Every structure is written in C-alpha cells, then in structure tokens.
Engineer: 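Supplied in structure tokens, the structure appears directly below.
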Amino acid sequence: MLKAALLFAILALVLGLLGFGGAAGAAWGIAKILFFIAVAIAVILFVLGLTVYKKVT
C-alpha cells in the first residue's frame, strides 16, 4: 500500500511539472488516502500484536 502511495505521489509531481494541475491534485489526494490507510493498518496491527502477545504468555 505504501508503494502505491509513493507511486501516486511521484505521478502527482510529474503531472504538476507538466502542467496538469487537476490530475496532479487527484493523484496527490489518492496518495494521501493510501498513506493514511497504510498508517492506520500498521497501528491496528501493532496494537493487536501487543494484546495477543500478552494473552499468550
């Protein structure tokens, strides 16, 4: 998911340099959404990992 976010961020930069402002904004918005989804999943898995570890031992 982070790879896709990075891909869209690079795409947004290239489109912005070429003058396609609307498409660059859309790509940047998608990149932000994917990044925050990846961060949320990482935090959820971290918390679950801590709680499961405490229950097993």
Side-chain angles (χ1 to χ4, degrees):
M1 183 133 348
L2 285 176
K3 286 182 183 179
L6 182 62
L7 176 72
F8 276 104
I10 292 170
L11 180 65
L13 289 173
V14 170
L15 288 172
L17 288 174
L18 293 176
F20 298 103
W28 187 253
I30 293 170
K32 285 195 314 188
I33 290 170
L34 289 175
F35 175 76
F36 286 121
I37 289 173
V39 168
I41 290 172
V43 168
I44 289 169
L45 289 176
F46 179 73
V47 170
L48 285 175
L50 288 177
T51 58
V52 169
Y53 176 73
K54 288 182 180 178
K55 289 183 179 178
V56 170
T57 57

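What you are looking at is a predicted structure, and each value in this text was computed from that prediction instead of being measured. Just the heavy atoms: all of them, side chains too, but no hydrogens, waters or symmetry mates, feed the values below.
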Engineer: Looking only at heavy atoms, what is the nearest atom pair of Ala9 and Ala31, with distance?
Structural biologist: N-CB, 3.7 Å

Engineer: Rounded at 0.5 Å granularity, tell me how far CG in Leu13 sits from CZ in Phe8.
Structural biologist: 13.5 Å

Engineer: Leu18 and Leu11: same hydrophobic cluster, using ILVMFWY side-chain contacts below 4.5 Å?
Structural biologist: yes

Engineer: At their closest point, which heavy atom of Met1 faces which heavy atom of Leu34, and how far apart are they?
Structural biologist: CG-O, 3.6 Å

Engineer: Can you name the closest pair of heavy atoms from Ala24 and Gly16 and give their distance?
Structural biologist: CB-N, 3.6 Å

Engineer: Hydrophobic clustering (ILVMFWY, side-chain heavy atoms < 4.5 Å, transitive) - are Ile41 and Leu2 grouped together?
Structural biologist: no

Engineer: How long is the span from the CD1 atom in Ile30 to the CG atom in Leu7, to the nearest 0.5 Å?
Structural biologist: 10.5 Å

